Structures are given as structure tokens and as C-alpha cells.
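In the text below, chain A, chain B and the rest are named by the order of the sequence lines, each starting its count at 1. Model, not experiment: these values are computed from the prediction.
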Protein chains: 2
Amino acid sequence: LIEIDHVTKRYEMGAETIFALNDVTVSVAENSYLAIMGPSGSGKSTLMNIVGCLDRPTSGTYRLRERLVDEYSDDELAQVRNREIGFVFQTFNLMPRSDAFRNVELPLVYAGVPPREREQRVREALDHVGLADRGKHRPSELSGGQRQRVAVARALVNRPAIVLADEPTGNLDTRTGDEILALFDQLHQQGQTLILVTHEEEVALRAHRIIRLRDGRVESDERTAAG
Amino acid sequence: LIEIDHVTKRYEMGAETIFALNDVTVSVAENSYLAIMGPSGSGKSTLMNIVGCLDRPTSGTYRLRERLVDEYSDDELAQVRNREIGFVFQTFNLMPRSDAFRNVELPLVYAGVPPREREQRVREALDHVGLADRGKHRPSELSGGQRQRVAVARALVNRPAIVLADEPTGNLDTRTGDEILALFDQLHQQGQTLILVTHEEEVALRAHRIIRLRDGRVESDERTAAG
Ligand SMILES: Nc1ncnc2c1ncn2[C@@H]1O[C@H](COP(=O)(O)OP(=O)(O)OP(=O)(O)O)[C@@H](O)[C@H]1O
Ligand SMILES: Nc1ncnc2c1ncn2[C@@H]1O[C@H](COP(=O)(O)OP(=O)(O)OP(=O)(O)O)[C@@H](O)[C@H]1O
Ligand SMILES: [Mg+2]
Ligand SMILES: [Mg+2]
């Protein structure tokens with residue numbers, strides 16, 4: 001499904017070159033459940049952004065369903081980002097002037113889903129993350145963990161084939177975090193492909209495979225007990 | 001040092017009233033090391049914002065050094081926020097157009113510290129959080145955990161008497177997080193008062209006392225083994 005081949009991401013900062021990713025090769029089959037771990041600054045979000053078609057490598061290739069993402073037209077890329085991939089950002093990236101309901105609804109608007117069905121699916125998505133009573137709150141009227149959960153609901157509402165979640169439980173207490181992870185387990189059982197970035201070992205152990213990055217390189221790539 | 005007395009924080013949302021905090025009474029002595037835990041939405045950040053003089057209660061009182069914060073003049077409040085309190089925000093709140101160096105430098109500029117001494121203290125603060133080589137990066141050119149660490153450096157650079165840190169290790173791997181916590185231990189030994197919000201038990205156990213919130217109320221208030 002996802003083939004990252006000898007991918008490097010370089011940033012030139014004046015005299016210095018920073019390798020956010022350095023010759024990374026990763027292959028992800030459909031319906032996998034993969035966790036990515038590694039120290040702060042090791043390249044996890046950079047890798048996620050490339051997989052999510054939000055960023056391009058400096059060198060190397062990314063094939064999605066065996067087609068070079070480089071060769072997708074702009075329209076096809078927009079479609080992939082809207083319908084095939086659900087992205088939970090490390091910094092949530094919610095629209096500050098819209099309430100939780102509207103934030104979660106937006107992907108459905110872009111997908112052309114009619115109003116009545118949209119309302120039903122948004123309510124359901126908010127309910128699944130425990131925020132049924134927070135739909136009218138704007139991000140500034142929500143706690144940090146509530147914003148994180150709105151970001152999760154928004155990523156899942158279009159039922160994307162691939163879920164990319166960058167530290168989805170970082171701002172959540174254990175119990176609320178477990179509810180989100182149970183939701184992810186369910187999606188995985190329903191056939192979706194999940195890639196989670198996490199720095200918590202217990203979260204990573206729910207995945208079937210753990211890739212560890214260090215300094216932009218793959219340090220290890222192993223199945224877990226659950227895998 | 002800090003006396004929160006029967007504090008309530010209410011939000012009126014149309015027909016509904018939300019109690020972010022509901023009759024909370026907490027007393028914090030100088031040089032304490034306190035952790036605040038509780039589920040997502042239980043009122044932790046709201047309490048921190050009130051203690052940090054960034055928000056006011058709907059009812060109840062807050063005395064800082066035995067003076068009602070309500071009665072501080074605007075100038076005195078500004079002084080308190082700049083020099084007495086260092087705040088690590090749950091969402092970092094860095095200035096997007098300034099690099100890490102400039103972000104950490106700002107509290108020193110407001111405190112009237114001369115340029116040469118500022119430069120030295122900023123370099124030292126960045127070094128303490130492992131970001132000596134990231135001074136010229138703007139927030140968008142930093143990883144999530146690196147932004148968090150810039151926020152920590154900024155909060156500590158003025159050597160404030162009171163450090164308020166809202167989930168300071170939420171975006172950090174265990175090892176980098178431990179470096180930040182070791183830094184906090186050191187500050188505590190040097191006489192500072194620390195209040196950390198965390199949802200991780202191991203982080204809370206480094207404090208000497210844990211207050212647990214639930215639905216805006218204090219559920220428990222106990223010493224730890226370290227206390
Ligand atoms: N401006 C606001 N208007 C309405 N409700 C608000 C507002 N700000 C916060 N709230 C509500 O107050 C409650 C407490 O929020 P707070 O940010 O203190 O929670 P928290 O314990 O820090 O949560 P988290 O662990 O998720 O960060 C939440 O239920 C939130 O929805
Ligand atoms: N625009 C940029 N310009 C320069 N360097 C960058 C830029 N974006 C990221 N970096 C650097 O690339 C490296 C990898 O960043 P990335 O965000 O992928 O790390 P991460 O593993 O997600 O870290 P964290 O766990 O802290 O979120 C970091 O060292 C960061 O400073
Ligand atoms: Mg990251
Ligand atoms: Mg909070």
C-alpha cells in the first residue's frame with residue numbers, strides 16, 4: 001500500500017544541512033497497524049507528513065498503491081488527502097473560528113456528503129471521542145485534550161482507508177487515551193491501515209509493528225507481541 | 001505563598017453553565033513541588049491559568065504572598081507575570097515569526113536585562129533543554145518536542161520564583177522528558193516552587209504532593225513517597 005524508498009528530507013539552514021530523514025526505506029501493507037517511535041527531533045512527523053502527502057522528500061520515492069505520488073495530478077492529490085487519508089496532527093491544526101462540530105464536518109463538506117448525513121456522522125464522530133456535549137465550543141473554549149479529540153474525530157469522520165495519527169494521546173489522561181486507542185483498534189479490525197507516532201511504549205505495544213527512528217534513520221523495525 | 005480559596009470558574013454557554021472549576025481550595029507553600037492530575041477537561045489548565053494570573057475566578061479568592069491578586073495594580077500584575085512566574089503553556093504559545101533564541105530572550109528584554117547578559121542566559125537556557133544547535137530555527141522549523149522545550153527554556157530563563165508547567169513532557173520521548181524533569185528537580189532544590197500538570201503517573205511521582213481534579217473539583221490531595 002505504502003512504499004517509502006530511500007527517502008531523504010534535507011533542510012538547508014545557511015551553512016548547515018539538517019537531515020530530518022536520511023535514507024529511509026519502509027514498506028506498509030494494507031490493514032497494518034504500525035507505531036513509529038523515536039526521540040524528539042528524530043524525524044517521525046517528517047515521515048508522517050510525507051506519507052500523508054503534505055510534504056515531499058528531497059530525494060527518494062513514495063509509492064501509494066504502487067503509483068508514484070510525484071506523478072499524481074493536483075486533483076488526485078487533493079482527493080487522496082480528503083478521502084483516503086485521515087491525519088491527526090501533532091498540533092491539532094483546528095480552525096480557530098469554527099466550533100468543534102464545524103471542524104469535524106469540514107472533510108465531509110469537501111467530500112460532497114449531503115447535509116443531513118453530515119450532521120449524523122459528525123454527531124457520531126464526536127460521540128465516539130466523548131465530546132457529544134462540546135460540539136458548540138470553539139477550540140479556545142476547549143481543554144487541550146478536548147482539542148486533541150476533535151482532531152481525532154475530524155481525521156476519522158470520512159472513514160479513510162489510511163489513518164495517520166501523530167501523538168494522538170499526548171494530551172490525554174490514561175483513561176481517555178485508552179478510549180481513543182480502543183477506537184483505533186476497532187478501525188483496524190474493520191480493515192483500515194493505521195500508522196501512529198507515539199513516544200509511549202504502552203501505546204506502541206497495541207500496534208502490530210514498531211519502527212524506531214533515530215537521527216532521521218530507521219534504527220529498528222520489528223513485530224510486537226500483538227503482531 | 002499561593003492560596004486559592006473557594007474558587008469557581010463558570011462559563012455561560014447559552015442555556016448551559018459549565019463549571020470549569022467548582023469550589024476549589026488549595027494552599028501551596030513556598031518551595032513546594034506539586035503535581036496536578038485528572039481527566040481531560042477536569043479543570044487543570046483553568047486552575048493553572050488562575051494561579052498564573054492569566055485568568056480570574058468567577059468567585060472565590062486568590063492570594064499570592066498573602067495579597068489578593070484582585071487588588072494588584074496592572075503594573076504589579078505585569079511584573080508578577082514577567083518576573084515571579086514562569087509559565088509553560090500546554091500549547092506552547094511561541095511567537096511564530098521569531099526564532100527559538102528570540103522567543104527565549106523576550107522575558108529578559110521585558111525584565112530590562114542588558115544585551116550581553118541576555119545572550120549568555122539564552123544560550124544557557126537553550127543548552128539546558130538540549131537545543132543549543134536550534135537557536136536560529138523558527139517554531140515551524142522545529143519538531144513538536146523541540147517547540148515544547150523552547151517553551152520550557154523561555155519559562156525558566158528569568159529564574160522565576162514560581163514555575164507553572166502545563167504538561168511539559170507531553171510531546172517528549174521518555175529520555176528527553178527525563179532531562180526536563182531533572183532540570184525541574186534542580187530548580188526545586190534551588191528553592192523554586194513548582195506546579196506541574198501531568199497525566200503521567202511517573203512524572204507526578206517526582207513531585208512531593210499530588211492533587212487530583214475531577215469535574216472541576218479536588219478529588220484528592222496527598223503527599224507522594226518523594227514528599
Ligand atoms: N472559554 C470556555 N468556554 C466554555 N467552556 C470552557 C472554556 N474554557 C474551558 N472550558 C471547559 O472547561 C473545562 C476545563 O477545561 P481545562 O482546560 O481546565 O481542562 P484540563 O483539565 O486542562 O483538560 P486537558 O487535560 O484536556 O488539558 C473543559 O470541560 C472545557 O471544555
Ligand atoms: N522547516 C525546517 N527547517 C529546518 N529544520 C527542520 C524543519 N522542520 C523540521 N526540522 C528539523 O527536522 C528534525 C525532525 O523533525 P520532526 O518534526 O520530524 O521530529 P519528530 O521526530 O516528530 O520530533 P518530536 O517527537 O519532537 O515531535 C528536527 O531536528 C527539526 O529541528
Ligand atoms: Mg513530531
Ligand atoms: Mg489542559
Okay, Leu142(B) and chain A: the region with an atom under 4.5 Å from a heavy atom over there is neither

Identify which of Arg147(B), His137(B), Gln148(B), Glu201(B) forms the greatest number of heavy-atom pairs closer than 4.5 Å to chain A.
His137(B)

Can you tell me which portion of Gln146(B) sits under 4.5 Å from chain A's heavy atoms? Options are side chain, backbone, both or neither.
both

Please identify, among Glu141(B), Lys136(B), Arg149(B), the residue contributing the most non-hydrogen atom pairs under 4.5 Å to chain A.
Arg149(B)

Atom CG of Asp133(B) and atom CD of Glu16(A): how far apart are they, to the nearest 0.5 Å?
6.5 Å

Using atom types as modelled and distance alone, determine if a side-chain donor or acceptor of Asp173(A) lies under 3.5 Å from a backbone N or O of Ser40(B).
yes

So for Thr198(B), is it side chain, backbone, both, or neither that comes closer than 4.5 Å to the heavy atoms of chain A?
neither

Nearest-0.5 Å distance that lies between atom NE2 in His199(A) and atom CG in Asn171(B)
7.0 Å

Within a radius of less than 6.0 Å around CD of Gln120(B), do more than 12 heavy atoms belonging to other residues, nucleotides or ligands occur?
no

In terms of heavy-atom contacts, does CG of Asp215(B) have more than 12 from other residues, nucleotides or ligands at under 6.0 Å?
no

Approximate separation, where rounding is to 0.5 Å, of Met13(A) CE and Asp99(B) CG:
8.5 Å

Surrounding CZ of Arg138(A) (heavy atoms of other residues, nucleotides or ligands, distance under 6.0 Å), is the total greater than 12?
no

So what's closer than 4.5 Å to chain B heavy atoms on Ser42(A): side chain, backbone, both or neither?
neither

Honestly, the part of Ser45(B) sitting under 4.5 Å from a heavy atom of chain A is neither

